Amino acid sequence: MKRKLAMLAVAGTIAFMMSCATYPGVDSRLAEDLVDITKYAVGTNFTQFKTFSIVDSVTLIKDYHDSSKMSNPQTQALLSEIISNMEARGYTLVERKTGNPDLGINAGVIKVTNVSYYYPGWYWDYGYYNPSYWGYPASYYWYPYYPPAVSYYSTGTVIIELLDLKNAKVHDNKLYVDWVAIIRGLLTGSHTQQEVLDNVDQCFAQTPQLRAKLLKQGG
Amino acid sequence: MKKILFIIISVLLLAPGVHAQEKSPEGFSPSSLYTLSWSISVPLGNLSSFVNNVSPAGGNFTGRYFLKKGLAVGFEFGWNNYYEKYPRDTYYGDDGLAITAVQYSYAFVIPWKAGVYYYFMPSAIADPYVGLSLGGDYMEEHIMVQEYDIYNTQWGFTMSPEVGVLIKFGRFSHWGATASAQYWFNTNSFNFAGYNSYANMQGLNFNVGLTYMLR
């Protein structure tokens, strides 16, 4: 009997050590630093675009039917950071209505539980920037690639989308989302504004393709 | 009746089966043996580029059948898992995707092998052996970022030389312990979005297990 107990103790110890060696669960992984996910349409020649315009406020998406426009020092800092990154890549900021921009930039903050971003269609109708904002009333957004996902957990997400306005007619009035950037973290974590802005910079840094002029070889 | 009862209870309690007529100074040579082991694995080769941590999470079950004195053939099923946390860095895919994040790499290997073994002193208390096993390795490799889980699965050929020792708990005990060191390599290869490619998986496993011997 003692031998059996000893065997059980040994087996228990081994089982415990094995369980320590496995990876942490989703909750722990989500509690890590902000994650930056970017995706661009492979094959897009970003040098064909020279000008851009950006939304004047950030859309806060809370739920399926609950979204609102936000304009405060934080959201303006976010938009400014995007603008300065675009300018650093050689693009010129122009007026949305009069400047005939080649690119349009949407910015949103998703603060939700249980929302999937796998197919973005659901929220265009509920307050996120309607295609008509960009002067294309009969248009819709289109991903030329499978979009990265935002799903399932109580996350705070900043989403930035680069829309191809220049070729909208060629694309049958679809506004191709040529680049999307997603910055996400748990809502329970606290992230400073500077952290978010640093992560905007990181999104651009990890997309060297996005620039108005080609870099010189070896430069 | 009492003797029969005694034998039955002995077997049920997995106690050493002692039969007076088999007592001899040399002990007995088992006809087959079965071992359940705990396996600690050191990743080598390209596996260590993917996950470099030594893994205490593994186990295997082996059965060996003696063809003649000292020479045995057998099977082995097992598993080892490996995991490592990598600090925040940027990873690129060839589909336009880039992710900057803390990343967890996780792999597990499930070998299914047959082998041939030679035991040098089958009737001794401590019986060293050498062996070589061949078979297939099923592998999975995961990269995990937050709730995302990108993974590959594949099968490959595996080969594994091994040295070890069987230590009997008594000269006539059915029970013993086996300790062994196993080097393995397999032909599995994988990549993530064509960016990071891995081939030439290798490892060194240290196994300690409980052995049951049939005579």
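Remember, it's a predicted structure, so these values are computed and weren't measured experimentally. All chains are named by letter (A, B, ...) in the order of the sequence lines, taking the proteins before the strands, and each is independently numbered beginning at 1.
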Practice item. Output all residues satisfying side chain to side chain donor-acceptor pair (under 3.5 Å) with A:E87, sequence neighbours left out; order by chain, then residue number. Key: none
Exercise for review: Hey, could you give me the OG1/CG distance between B:T90 and A:D36, rounded to the nearest 0.5 Å?
Suggested key: 7.5 Å
Exercise for review: Mind checking the OG1-OH spacing from A:T38 to B:Y92? Nearest 0.5 Å is all I need.
Suggested key: 7.5 Å
Review point. Looking at A:Q206 and B:I99, what are the two nearest heavy atoms and their distance?
Key: NE2-N, 4.0 Å
**Study point:** Closest contact, heavy atoms only, A:K39 versus B:D95
**Key:** CE-O, 3.3 Å
Point to revise | Side-chain touch B:V145/A:V35, heavy atoms, less than 4.5 angstrom | key: yes
Check your understanding: What residue, out of B:S105, B:A101, B:A98, has the most heavy-atom pairs lying under 4.5 Å from chain A?
Key -> B:A98
Check your understanding: Is the OH atom of B:Y151 crowded by more than 12 outside heavy atoms at less than 6.0 Å?
Key -> no
Check your understanding: B:L210 versus chain A, heavy atoms under 4.5 Å apart: side chain, backbone, both or neither?
Key -> side chain
Revision key, fill the gap. If you tally heavy-atom pairs under 4.5 Å between each of B:I40, B:V102, B:N53 and chain A, the highest tally belongs to B:V102
